[in-house]
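Let me begin by presenting the structure, written as structure tokens, before commenting on it.
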Amino acid sequence: MTKTTTFIFHLSPNHQIKTQNHLIRHKNVKHQLNFPSQLPSSTFIPISPTKIPSTSSLISPSNHQITNHNAEIRKFCQLGNLQKAMDLACNFEQVQDTVIDSKTYCDLLQLCAESKALHHGKQVHSLMISRTIEIDSVLGSKLVFMYVSCGDLVNGRRVFDNVVSKNVFLWNFMMNAYAKIGEYEESVCLFKLMQELGVEPDSYTFTCMFKCVAAIGDGGLGLVMHGSVLKLGFGFDNTVVNSLIAFYFKCGSVDNACKVFVKMPDRDVVTLNCMISGYVANGLAEKGFEVFKEMVGCKVSVDLSTMVIVVAACASMGGVSSGRMVHAYAVKGGFDEKMKFSNTLLDMYSKCGDMDSALKVFKNMNERSVVSWTSMIAGYARVGKSDDAINLFLEMKKEGVKPDTFTVTSILHACASNGSLEKGKEVHSYITENKMQSLVVCNALMDMYAKCGSMEDAYSVFSDMVFKDIVSWNTMIGGYSKNSLPNEALDLFTKMQREITPDNVTMTCILPACASLAALNKGREIHGHILRKGLTSDLYLVNTLVDMYVKCDRLFIAKSLFDLMTVKDVVTWTVMIAGYCIHGFGHEAVLAFKKMQEKGIKFNEASFTSVLHACSHSGLVQEGWKFYNLMVNDYKIEPKLEHYGCMVDLLCRGGKLSEAYKFIKKMTIKPDVTIWGALLCGCRFHHDVKLAEIVAEKIFELEPENMEYYMLLADIYSETEKWEEVKTLRNGIRNNTGCSWIEIKGKVNIFVAGNKDNPEAKKIESLLENLRMEMNKDGFSRKLKYALADKNDMEKESAVCGHSEMLAVGFGLLTLPPGRTIRVTKNVKVCGDCHEMAKFISKNVGRQIVLRDCNRFHHFKDGFCSCRGC
DNA sequence: CTAGGGTTAG
């Protein structure tokens with residue numbers, strides 16, 4: 001490698017180039033006629049007095065040898081034989097006193113550019129430098145063209161900066177080069193520089209600038225340029241005005257775009273295309289579609305782009321009928337034979353959920369690109385047909401189509417909604433092997449791992465990312481929230497705020513974590529954040545906020561927020577109904593559901609779950625059946641496990657155990673433990689040991705490891721005083737690992753059953769023992785005698801007191817001022833003993849206790865619980 | 001002017 005090539009690799013970074021620009025413009029510009037050599041970049045060699053001007057060789061007939069050589073090189077250039085041309089040029093250099101002329105260099109550079117042969121291009125450049133060829137504006141432009149075409153913008157810019165008297169074409173070329181790779185700011189800088197140097201912009205300059213300004217979002221500069229356009233007389237140049245319209249649309253100012261449009265005397269098809277795509281981008285697809293209809297009505301000629309844009313408009317309108325119309329129209333015009341159109345068309349069908357039509361388009365295509373395959377895969381992934389998506393992905397690879405980053409993100413989406421961690425990991429390896437770890441791909445990877453339940457893998461991707469955007473953070477936080485790791489979610493949220501400003505999505509990701517921890521204060525903090533940021537119009541977010549207040553035992557605040565909301569959707573209502581339900585207001589829940597019905601809001605699966613829950617909770621058997629039938633018959637919703645569970649619960653509460661049993665046997669899907677568990681609960685309530693044993697058998701088959709149901713069966717035995725059975729069962733039961741916590745003065749105090757670490761442990765124990773004795777005296781509950789049938793009374797009592805929720809309640813009694821409600825949260829279901837004891841305490845001590853378990857709230861007051869015994 | 005991808009509530 002020659003010294004000259006070394007120079008090429010030792011370039012100063014971009015910002016230094018800018019500084020150098022500054023120098024050139026104000027100090028060196030007049031003397032800066034030649035090109036720098038291998039000397040440091042800020043130093044320039046003076047014009048060599050011995051240098052032969054390259055152009056002179058053309059007019060020098062004395063040297064036939066040289067002319068012939070040049071002609072020969074140029075001949076190979078014309079034939080496209082770069083290697084031969086290069087060989088000749090390099091050998092040429094070794095012959096003393098011979099010169100390659102400027103035209104030959106131009107041809108060589110042109111061919112290098114066309115062949116994207118950066119290495120050869122650099123070689124030509126070195127040749128020019130070593131021969132001290134004067135880089136005039138023609139050669140300079142060619143060099144810039146070569147570097148930029150070969151993707152080497154840094155060197156292209158370097159040459160560019162040293163070309164004196166650059167014409168507007170070269171300026172445009174360089175600005176476009178930056179725009180193409182997304183460096184819009186740099187492009188705008190060049191534009192400003194060009195103006196300072198007094199170079200007149202042309203129409204290409206303006207179209208490029210409007211694109212850049214729109215991308216940066218610099219509306220002010222755009223307005224200024226709008227002024228220049230008029231001043232310089234480009235107001236009637238359609239290419240300029242079209243890009244102006246596009247600029248206004250991209251900045252979201254539909255009004256300005258329309259104003260410009262209305263004043264245009266001579267609209268062309270591009271103008272109309274701009275209008276359609278502009279409307280679509282601003283969420284006004286219907287208006288865009290109107291423009292298209294007018295075009296068709298007025299017999300304005302439509303081009304392929306129009307068709308592509310209009311089909312995309314149909315996709316964003318969601319309804320497949322307009323899409324079908326356009327499809328028919330396109331067939332008449334023969335557009336459906338163009339791959340670009342077919343790709344958009346199949347994407348439209350897939351976005352409208354009509355995968356059959358999408359597949360038809362796909363199969364009819366005579367040529368399919370990676371975009372076609374990816375659109376199909378993404379479509380299957382969207383409608384939840386993950387297996388189809390994955391199969392198509394494999395088929396695509398078999399056909400030899402190379403997946404790109406779009407494809408892998410789509411397939412990751414499919415793995416995520418399928419929960420296929422193994423497949424997802426395979427895709428991960430593929431991504432790593434092919435070095436496809438772009439920002440979006442990594443975000444999709446994290447999402448896949450989060451949805452497949454592996455937060456460790458998600459975090460490992462996250463921590464390896466050099467550049468993270470808001471989506472990366474939100475994905476991680478949301479992943480922790482959904483995977484029941486609220487503390488991790490909150491920690492990451494804190495870390496995030498040090499690096500990036502959270503947005504509305506962040507809030508919807510973090511609020512469920514607050515809700516699941518019942519961390520009211522944190523939730524309030526976030527509510528404050530939402531108010532300060534003015535995010536209250538985000539329905540998604542406010543729904544989550546209402547849910548947070550519901551779960552942090554502030555039903556009243558939730559209701560106030562709910563009442564204040566001017567726009568409510570099905571989720572808003574469902575949150576509120578579920579809220580009433582878990583707080584024990586079944587009747588209010590049913591009322592809200594009816595109100596929702598009056599408002600004409602369409603129910604979905606989740607809203608039916610909530611209302612069925614409410615019915616079972618309040619013992620509204622008739623109503624429950626009515627809603628169930630409404631769901632199945634009118635809404636044609638297949639009942640899911642949750643719905644069946646509610647109905648079983650409903651029947652059990654009404655004492656119709658055998659009916660419930662029959663109902664389960666008729667289910668169209670396989671009942672799981674929660675269904676049988678509901679029936680087992682019913683058996684306990686109605687003391688039906690015989691049925692309980694049958695049901696328990698089914699449960700133990702399904703989940704032999706789940707201790708919860710052994711406990712329940714044991715309770716049933718002891719309540720019916722079958723002590724021997726209790727003993728046998730209890731021997732096999734491991735301690736349940738529940739824990740409870742109580743927030744006092746912002747500090748969360750955690751209690752684990754049997755753990756006496758709390759400094760107040762002794763006091764709590766004696767307090768609870770005293771309460772227990774009073775309870776026995778009172779004869780409050782005979783149920784308690786079964787607590788631990790094989791131990792003596794004292795042991796029995798302390799064992800009961802060891803239950804975590806009672807420890808937390810005891811701690812609350814000791815710490816909180818009298819009269820203050822005690823709020824305890826438990827991670828698993830509240831145990832029967834503690835439930836009885838809480839009732840007693842609420843009456844005996846005259847204290848309200850609110851206990852939240854994994855299912856619902858238990859409001860204990862004056863010896864009663866809002867849950868009505870379940 | 002011109003096709004496909006990632007995050008969010010019950």
With hydrogens left out and only the distance checked, is there a donor-acceptor pair under 3.5 Å joining [X]'s side chain and the base of [N]?
X        : N     : result
A:Thr374 : B:dG4 : yes
A:Asp404 : B:dG5 : no
A:Ser410 : B:dG5 : no

Base, sugar-phosphate, or nothing for [X], non-hydrogen atoms under 4.0 angstrom?
X        : answer
A:Asp569 : base
A:Asp538 : nothing
A:Val308 : sugar-phosphate
A:Val575 : sugar-phosphate
A:Lys338 : nothing
A:Asp469 : base
A:Thr475 : sugar-phosphate
A:Val370 : base
A:Val570 : base
A:Asn242 : nothing
A:Thr409 : base
A:Ala606 : base

To the nearest Å, how far apart are [X] [atom1] and [N] [atom2]?
X        : N      : atom1 : atom2 : answer
A:Phe206 : B:dC1  : CZ    : P     : 15 Å
A:Phe406 : B:dG4  : CZ    : P     : 8 Å
A:Trp573 : B:dG10 : CH2   : P     : 19 Å
A:Met446 : B:dT7  : CE    : C1'   : 8 Å
A:Leu539 : B:dA9  : CG    : P     : 13 Å
A:Asp447 : B:dG5  : CG    : P     : 15 Å
A:Lys468 : B:dT7  : NZ    : P     : 19 Å
A:Leu535 : B:dT8  : CG    : C1'   : 12 Å

Side-chain heavy atoms of A:Met596 within contact of A:Leu591, under 4.5 Å: no
Lys/Arg cation over aromatic A:Tyr430: A:Lys397, 6.0 Å, 45° cone: yes
Criterion side-chain contact (heavy atoms from CB on, under 4.5 Å) on A:Val291 and A:Glu294, from CA distance to verdict: CA-CA 5 Å; A:Val291 175; A:Glu294 262 179 63; 5.7 Å; no
side-chain N/O [X] vs [N] OP1/OP2, d < 4.0 Å:
X        : N     : result
A:Lys340 : B:dG4 : no
A:Arg382 : B:dG4 : no
A:Lys351 : B:dG4 : yes
A:Lys482 : B:dT7 : no

Whether A:Tyr635 and A:Phe603 hold their rings parallel, tilted or perpendicular, with breakpoints at 30° and 60°: tilted
A:Phe593 and A:Phe627 aromatic ring geometry - parallel, tilted or perpendicular at 30°/60° bounds: perpendicular
Closest nucleotide among [options] to the [X] side chain:
X        : options              : result
A:His413 : B:dG10, B:dA9, B:dT7 : B:dT7
A:Val441 : B:dA9, B:dG10, B:dG5 : B:dG5
A:Thr508 : B:dG5, B:dT8, B:dG4  : B:dT8
A:Cys509 : B:dG5, B:dT8, B:dC1  : B:dT8
A:Lys551 : B:dG10, B:dC1, B:dG5 : B:dG10
A:Asp547 : B:dT7, B:dA3, B:dA9  : B:dA9
A:Asn474 : B:dG4, B:dC1, B:dT7  : B:dT7
A:Lys451 : B:dG10, B:dC1, B:dT7 : B:dT7

Shortest non-hydrogen separation from A:Asn343 to A:Ser372 and the atoms involved: OD1-OG, 2.7 Å
Non-hydrogen atoms of A:Ala358 and A:Ser350 that approach each other most closely: CB-N, 4.0 Å
Proximity of A:Trp373 and A:Phe393 rings by center, below 6.0 Å: no
